[in-house]
Every structure is written in C-alpha cells, then in structure tokens.
Amino acid sequence: MPSRRDAEALDRADPLAPLRERFALPEGVVYLDGNSLGPLPRVAAERVRRVVEEEWGRDLIRSWNLHGWIDLPARVGDKIARLVGAEPGEVVTADSTSLDLFKLAAAALELRPGRRTIVSERDNFPTDLYVLEGLARLLDRGHELRTVPRDEVLASLDDDVALVVLTQVDYRSGALWDLAVATRAIHDRGALVLWDLAHSAGALPVDLAGAGADLAVGCGYKFLNGGPGAPAFLYAARRHQEALRTPIQGWLGHAEPFAFEAAYRPAPGIDRFRAGTPPVLSLAALDAALDLFAEVETEALRAKSMALGTLFLERVEARCAGFGVEPACPRNAEARGSQVSLRHPEGYAIVQALAARRVIGDFRVPDILRFGLAPLYLRYVDVWDAVEHLAQVLERHEWERPELRTRSKVT
Ligand SMILES: *Cc1c(COP(=O)(O)O)cnc(C)c1O
C-alpha cells in the first residue's frame, strides 16, 4: 500500500509537476473540482487584465480588427482542435454546450430526413436530454427521443435512428465510452453521432478524426480552465460542414456579416455555427488558458490522471473500509475518465465536511461524491491527503454536523 512518502516520490518524478506553478491555487486547498470549474491560470488573469485595460479600455471598438477579436472564436477553436483530434477549421467556440448541442443536433437531423429517432443514454447529463426533447418538440415532424441504459445503446439502434448523442465520460460514474468502437457501430446503422466531450477535452486524448466522428460539443470551463461561463466549443467533421445548416442563423454565422444583406447566406465551414457577438473577455481567458496545453501531450495527461485515480481508490480501500463508502466508478483506470466517484447515503454532508477541511469535491444526486483529477496541477500528495481527510470525516462522523446538511443551490 503506497505511503505518503511514496506519493511525494511520485511528485518528484512527475514530468508535469512544474505546471502547477502556473495556476493561482489558494494555499492549503486540495482542489478536486477542476472537472466542474477549472482553477485560474495566472496567464488568464493577466490576459483578461490586458484585454480590459489596453484593448477595451484604450482601443475601444477598433479592437475588433486591431486585436483580432472578430477571429478569436476560430483561433481558440483551432487550439482546442489539437486536443480533440480535429484539424484547424473543424472547431469553433460559441455559446454554451447546451446551445451548441441544439444547433448541431438540429443540423444533423436535416442530414437524415427520413429518420425520426434520436437515441441517447438514460443517465446522460440532463441538459443533453432536455435540449434534444425540446428540439424534437419544436421541429414537430414526429421526431422522438429514445433514452436507453448505457449498455443497451448500441444494440438498440435500428434503421429509424437519425442521430445518437453520447457523453464520452459519464458525469456521475466517470465511465468512458470507446469513441471509435461506438462511432463505428452507429455508422453501421446509418446514423450520425454527436459526442459530448464536456469531461474529456483537456483530460484525455480524444481522436475525433481517427474515430470518424461526425459532430461534437464540449465545455470551456471544465478541464480547459477557461473560467466560469467560458464559451463552449463545437466540432463538425469537414466532410459534413457544407451540408450542415444551423437553426440559429445569426449574423456572425453569415458569409459576410458586414455586407448586411437582407438574406442569410451561411459562412463557409464551421464559422456558420457562430450566432452572435462572442464574449471577448471570456474567450480571452480561455485562449490564454489553452496555451498551458501547448506544452504537454494529452497522453502524458492521461497517464498521470490514471495514476492519480488508482492511488485515490487504493487509499480509499485502505483507509475507508467499513464506513459505507463504495466506489461508484470503474476500478479499471482504462475504463474511467479523469475523475473518481464514491457512493454514500450521506454523500452531500460528507462533501461539505471535506470542504470545511479545504478539500473541494462535489456531490451529485442521489448519493455520489465526485472528485475530479486534473493532471495539470494536482499532486499525488494532494490525492493522498484528500483521502486521509475523507477517512477522518468518516471516523469522526463529522458529516453529522447540522450546518453541513443544508443544501445550497449549486451542489
Ligand atoms: C457540464 C456539462 C454540460 C454543461 O452545459 P452548459 O450548457 O455549458 O452549461 C453539458 N453536458 C455535459 C455532459 C456536461 O457535463
């Protein structure tokens, strides 16, 4: 069983260790929620300050050209492309993940006009299901969202399925889809696939092109560290782009926004999925944050994240047995995204008790304690210490303290 000294030795040997300094992490906090809101990269703070003071403050509206604000969604998209196995020009940043999912799903259904079924996982992140259901209702052409248990998704496909929407890493269990295998099975039934990469981008190698994926969306504020409400990204394989039509025909997705033509003409390529004016401050933060990834290979991130997860689960087994916590994630690191999840009926209060000890994770209904393992800044000792705190919370029944039991709006 690894000791704290072993964890320290792993940190000394960790090739990613120097990157921790690039984040403004509060002293004494073990941050295991970078899968939900990545911490602040120092370079992002500096970049936002510069954009506010020097670009917005001094150069005003001229900044759209002078500082390239107008092309920022595409430039940031190209940086993300490298992390998800896409080519430049296949990814653009815009809006939120929910909205991007809506736009791409609508466009996908038009490519399969004779088919009426959309398939997703029953336990998918709810926004995906809400959006798809709303889209089907809005189209009013008989589309139906069919949700099935994870292990039945591929076997459930038939010739009426137009689109399958899957989240590569399950937000609760961390279970990981094999992108290539699932994509192939979906294509074999003549359907298109839309991948939600919310918990994948920036955490593990994703090869959209290698898998032959059609469409994808993902978050800017999770493992990409773009800051609260950072714009999302969307991907469309180049072979589909000219045939895809967005349902939100905004002026910045027009071929020539400043021609102010009466009729809409889509921009060539992925840019047609831009709708309105981009959030420049947020985009600038995301743009700067992404530069940290330019220095690392996603394979190195993956290797460390798997090792962190394995250490976490080994320590839980060693220290927390007999207290009713059970792993709620795959034990095999290959089958897991960059998080570990545990299950306990008092999960919410335990997560609060950990936060009181400055170990930040989160809770997902009904009973999931979720710990994100972001390899850019987490140390092996952080994981070791986190589980030690968890063990003490359980041993001392700290979660029974009444003030820990009231639920806030955000859990
Ligand atoms: C976090 C998350 C989202 C978030 O959607 P927003 O519209 O950006 O709030 C979407 N899908 C999944 C799977 C997520 O985990």
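Remember, predicted model here, so these are calculated numbers, not experimental data. One-based numbering, in listed order, for ligands and for the atoms of each.
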Run the side-chain donor-acceptor check on residues 126-135: report pairs under 3.5 Å with partners two or more places apart or on a different chain.
| unit_1 | atom_1 | unit_2 | atom_2 | d |
| --- | --- | --- | --- | --- |
| Thr127 | OG1 | Ser98 | OG | 2.8 |

Heavy-atom donor-acceptor pair, Asp78 side chain to Pro88 backbone, under 3.5 Å:
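A pair under 3.5 Å: no.
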Before giving the answer on side chain to side chain contact (heavy atoms under 4.5 Å, CB included), spell out for Phe125 and His199 the whole-Å C-alpha distance, their side-chain angles and the decisive distance to 0.1 Å.
CA-CA 11 Å; Phe125 191 75; His199 292 284; 5.5 Å; no
Amino acids contacting ligand 1, non-hydrogen cut-off under 4.0 Å:
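The answer is Ser96, Thr97, Ser98, Phe125, Thr127, Asp128, Thr167, Asp196, Ala198, His199, Cys219, Tyr221, Lys222, counting any residue whose heavy atom sits under 4.0 Å from ligand 1.
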With sequence neighbours excluded, what pairs up with Glu256 under the salt bridge (charged side-chain N to carboxylate O under 4.0 Å, His left out) test?
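Listed in chain order: Arg265.
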Chi angles and distances behind the ring pair (Phe, Tyr, Trp, His ring centres under 6.0 Å) call for Phe260, Phe258:
CA-CA 5 Å; Phe260 294 105; Phe258 285 85; 5.4 Å; yes
Which pairs of donor and acceptor atoms, one on a side chain in residues 23-45, lie under 3.5 Å apart (sequence neighbours left out)?
| unit_1 | atom_1 | unit_2 | atom_2 | d |
| --- | --- | --- | --- | --- |
| Tyr31 | OH | Leu37 | O | 2.6 |
| Arg42 | NE | Glu21 | O | 2.8 |
| Arg42 | NH2 | Phe23 | O | 3.2 |

